[in-house]
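Quick note on labels: first sequence line is chain A, next is B, and so on, each numbered from 1.
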2 protein chains.
Amino acid sequence: MADPNQRIDSIIKKLKESSHKLTPQRLAVVKILAHSQGHPNVEQIYEQIKSDFPTMSLATVYRNVMLLKSLGEILELGFPDGSNRYDGNKPYPHPHVICIKCKKVIDPDLDSLKDMTSEIAAETGFKIVTHRLDFFGFCQDCMNQ
Amino acid sequence: MADPNQRIDSIIKKLKESSHKLTPQRLAVVKILAHSQGHPNVEQIYEQIKSDFPTMSLATVYRNVMLLKSLGEILELGFPDGSNRYDGNKPYPHPHVICIKCKKVIDPDLDSLKDMTSEIAAETGFKIVTHRLDFFGFCQDCMNQ
DNA sequence: GAAATAAATGATAATGATTATCATTTAAAT
DNA sequence: ATTTAAATGATAATCATTATCATTTATTTC
């Protein structure tokens, strides 16, 4: 994965460039997302921060996650079941594999991922902006139970 | 697309097999989904039925759409923005192209759609059950404005 | 470093899509 | 025609997210 400190620095730079203030609450959200592996949701980010920052408000987590998303620094993963998870490491479209049971989300390597986007654009006349490719199933841990 | 009458017959058969009653309300929902091209949402199904069936309840549309989904006769498309649309013609995973502006959803032909599922299963150890492949952009109509 | 100010925060209310509840109605079996 | 389990209509409850607003604070300016 991307080096967390590098990610943190680059996000802080983006925040300053867009003249946003660097509050302790904001920095806490940035740090968690830059270090995250498991694609956390807002509630998980909130709980993690609250343990050493008890005055943190859930609304503030929502606001900062929204801001980082609008700056293009994190990727929002809205899933078919309505849940939202966030990827602070690779803020660009990439495939995901989701366990239907334990809800873990992983980033697979996919060699055969051709440039389907250009084929779609040619066939439909759309100007394609982004895409989603998600596989749903059961992980090995959940199958062994 | 699949022949609507064929779809209606096959859905009715499924309903009878699973001993569900065939009410006028239920049949209206089935007919609209079997004839639909544009991947309607629940509200659109409801509005369309209400015009010649004014006592129709929104809750009944939700219930029947849910039932048809659980019988595997329609495909629910939950999108990242939280919206839900339904495909009554091809109730199996297939790619979609979505216009971000006018929200139209079309089913493209995609030659290069390899069997990525087996590659993912091999790499991750997951037992893959389903997948989603969606492209988001602007359709030609919306670009010409 | 103190004052000024626009932005951020915390607490909570509002929203909107979906689901649950429950009394009444109805499809289909007997 | 009678019976009964299922379906319906109306509406309340839910839950994640967004909006509101008074208060606090990071950063700029002197």
Notebook entry, point to check: Going by atom types alone, do A:H131 and B:D134 pair a side-chain donor with an acceptor below 3.5 Å?
Noted result: no

Next item on the list: Tell me, with the steps shown, if B:R7 and B:E73 meet salt bridge (Lys or Arg N to Asp or Glu O under 4.0 Å).
Entry: CA-CA 9 Å; B:R7 285 265 61 225; B:E73 289 297 321; 2.6 Å; yes

Once rounded to the nearest 0.5 Å, what's the spacing between atom [atom1] of [X] and atom [atom2] of [Y]?
X	Y	atom1	atom2	value
A:F136	A:C99	CZ	SG	11.5 Å
B:D109	A:E123	CG	CD	5.0 Å
B:L75	B:H96	CG	NE2	6.0 Å

Checklist line | Side-chain N or O of A:N84 closer than 4.0 Å to phosphate OP1/OP2 of D:dT17 | finding: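 Affirmative; the distance criterion is met.
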
Check: Mapping B:E43 and A:S57 to their closest nucleotides on DNA chain C, which lands nearer the 5' end?
Finding: A:S57

Check: If you find the nucleotide of DNA chain C closest to B:T23 and the one closest to A:R63, which residue's nucleotide is nearer the 5' end?
Finding: A:R63

Checklist line | Leading and trailing nucleotides of DNA chain C with any atom under 4.0 Å from heavy atoms of chain A | finding: C:dA6 to C:dT12

Just how far, in rounded Å, is [atom2] of [N] from [atom1] of [X]?
X	N	atom1	atom2	answer
B:N64	D:dA6	CG	C1'	12 Å
A:Y62	D:dT17	OH	P	3 Å
A:L77	D:dA16	CG	C1'	17 Å

Margin query: Would B:R132 and B:F79 count as a cation-pi pair here, with the cationic atom under 6.0 angstrom from the ring centre and within 45° of the axis?
Written below: yes

Checklist line | Sugar-phosphate, base or nothing in reach of B:T55, heavy atoms under 4.0 Å | finding: sugar-phosphate

Check: Hey, does A:P24 reach any base, or is it just sugar-phosphate, or nothing, if we go heavy atoms under 4.0 Å?
Finding: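 It contacts sugar-phosphate atoms only.
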
Check: Taking the nucleotide of DNA chain D with the closest heavy atom to each, which residue, B:A59 or B:H20, is nearer the 5' end?
Finding: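 Between the two, 5'-proximity favours B:H20.
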
